[in-house]
Amino acid sequence: ARAWRGVVEEYRDRLPVTDKTPVVTLLEGGTPLVPANRVSQLTGCEVFLKVEGLNPTGSFKDRGMTMAITKAAEDGAKAVICASTGNTSASAAAYAVRAGMTCAVLVPQGKIAMGKLAQALVHGAKLLQVDGNFDDCLELARKLSVDYPVALVNSVNPYRLQGQKTASFEIVDALGDAPDIHCLPVGNAGNISAYWMGYKEYSDDGLATRRPRMFGFQASGSAPIVNGAPVQQPRTIATAIRIGNPASWTFAENARDESGGRIDAVTDRQILAAYRMLAAEEGVFVELASAASVAGLLQSVGAGHIERGSRVVCTVTGNGLKDPDWALAGASSATTVPVDAGAAASALGLG
Ligand code: F0G
């Protein structure tokens, strides 16, 4: 056994780096693939959770960011910029610190979780809250990266998807082959595209005997790919995927169609129920958007789109600690007691 070295070193031969590339890493990746006993019981499938909230900044974005910042460093960039619903900006801010770069982030005013805002700030990013939605932020970031000396590190930067495809490699390495079905939330649609790229690459090179069917899930108030048209005013409580015009739309449709999968919508109510179930019955605390993968799996099994007995991986993309407001919203408040064992015992119902 040896220590995990981060996704660029672990999968160096499958990534666009050379011996001279200055790798910028926080040792991301190597995340657990946790058997989901309760979800397996509910679906009659063999379900695993790829727990991406255990990456260094608490989301899957770190896999792509190590590549994007590494390549920006190789190109001599001094500054990076991104638009974000919160996780990309948290990741960019941290990796920019590692690279000695400045980082500018554009986020939709009032629509990002508190923990994510805290991350961008504590890592010293220059943060602008834009009076618009994510799609407006991305348009602004693109313009600024064309007109000023700042490298764009959103997933329109192809190195991001290169880094993110390593999650598929890890899954196949852990299971010994690709699963039958892969479920994940869809926002800007980069991650589903990256996973599909990874699965194809491994199967083309004979490291997997098959490829999974890709199942992506959007929130029903922000479901442009499902609707077949951009959503002008995307709405959902899952702010991470509150996106009306995904940049990787076509890639995501290709992943769906080439794999024989689906992209469907789940309601906020379904997302919230899956979020609570994962926390209360699996012991896995994810953020709301992440629970869309499990909400979608439950829906798809119910609708007959996924067969019982399938081996399924659900990516849970971000850590629940990023957005404690939603955890507290559903919880009863804690009882206060004096420093007294009897009072504590009776408050706990111990007898
Ligand atoms: N889950 C979480 C927790 C996310 O933060 C995102 C995207 C997604 C799922 C969807 O992934 O965009 O590749 O389809 N967050 C981006 C951000 C948009 O700015 O952090 P996608």
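Just so you know, ligand 1 is whichever comes first in the structure, and atom 1 is the first atom listed for that ligand. Remember, predicted model here, so these are calculated numbers, not experimental data.
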Subject >> Contacts of type side chain to side chain donor-acceptor pair (under 3.5 Å), residue Lys71, not counting sequence neighbours >> reply: Glu74
Original post:
What pairs of residues pass the side-chain hydrogen bond (donor to acceptor under 3.5 Å, both in side chains) test when at least one of them lies in residues 221-239, not counting sequence neighbours?
Top reply: Thr236-Asp268
Subject >> Quiz item: cation-pi between Arg14 and Phe169, 6.0 Å / 45° >> reply: yes
Original post:
Purely on distance, is any nitrogen or oxygen of Phe60 under 3.5 Å from one on ligand 1?
Top reply: no
**OP:** Check Ile241 against ligand 1 and report side chain, backbone, both or neither, counting heavy atoms closer than 4.0 Å.
**Re:** side chain
Original post:
For ligand 1, is there an atom lying under 4.0 Å from some heavy atom of Ser155?
Top reply: no
**OP:** Quick one: look up the protein heavy atom nearest atom 12 (O) of ligand 1 and list residue, atom name and how far away it is.
**Re:** Asn188 N, 2.7 Å
**OP:** Check each heavy atom of Ser84 against ligand 1 and say whether those closer than 4.0 Å belong to the side chain, the backbone, both or neither.
**Re:** both
Original post:
Looking at atom 16 (C) of ligand 1, what's its closest protein heavy atom, distance included?
Top reply: Lys61 NZ, 2.9 Å
Original post:
Does ligand 1 have any atom that is closer than 4.0 Å to a heavy atom of Ile243?
Top reply: yes
Subject >> Whether Thr70 side chain and Thr66 backbone form a donor-acceptor pair below 3.5 Å >> reply: yes
**OP:** Could you find the nearest protein heavy atom to atom 9 (C) of ligand 1 and give me its residue, atom name and distance?
**Re:** Thr317 OG1, 3.5 Å
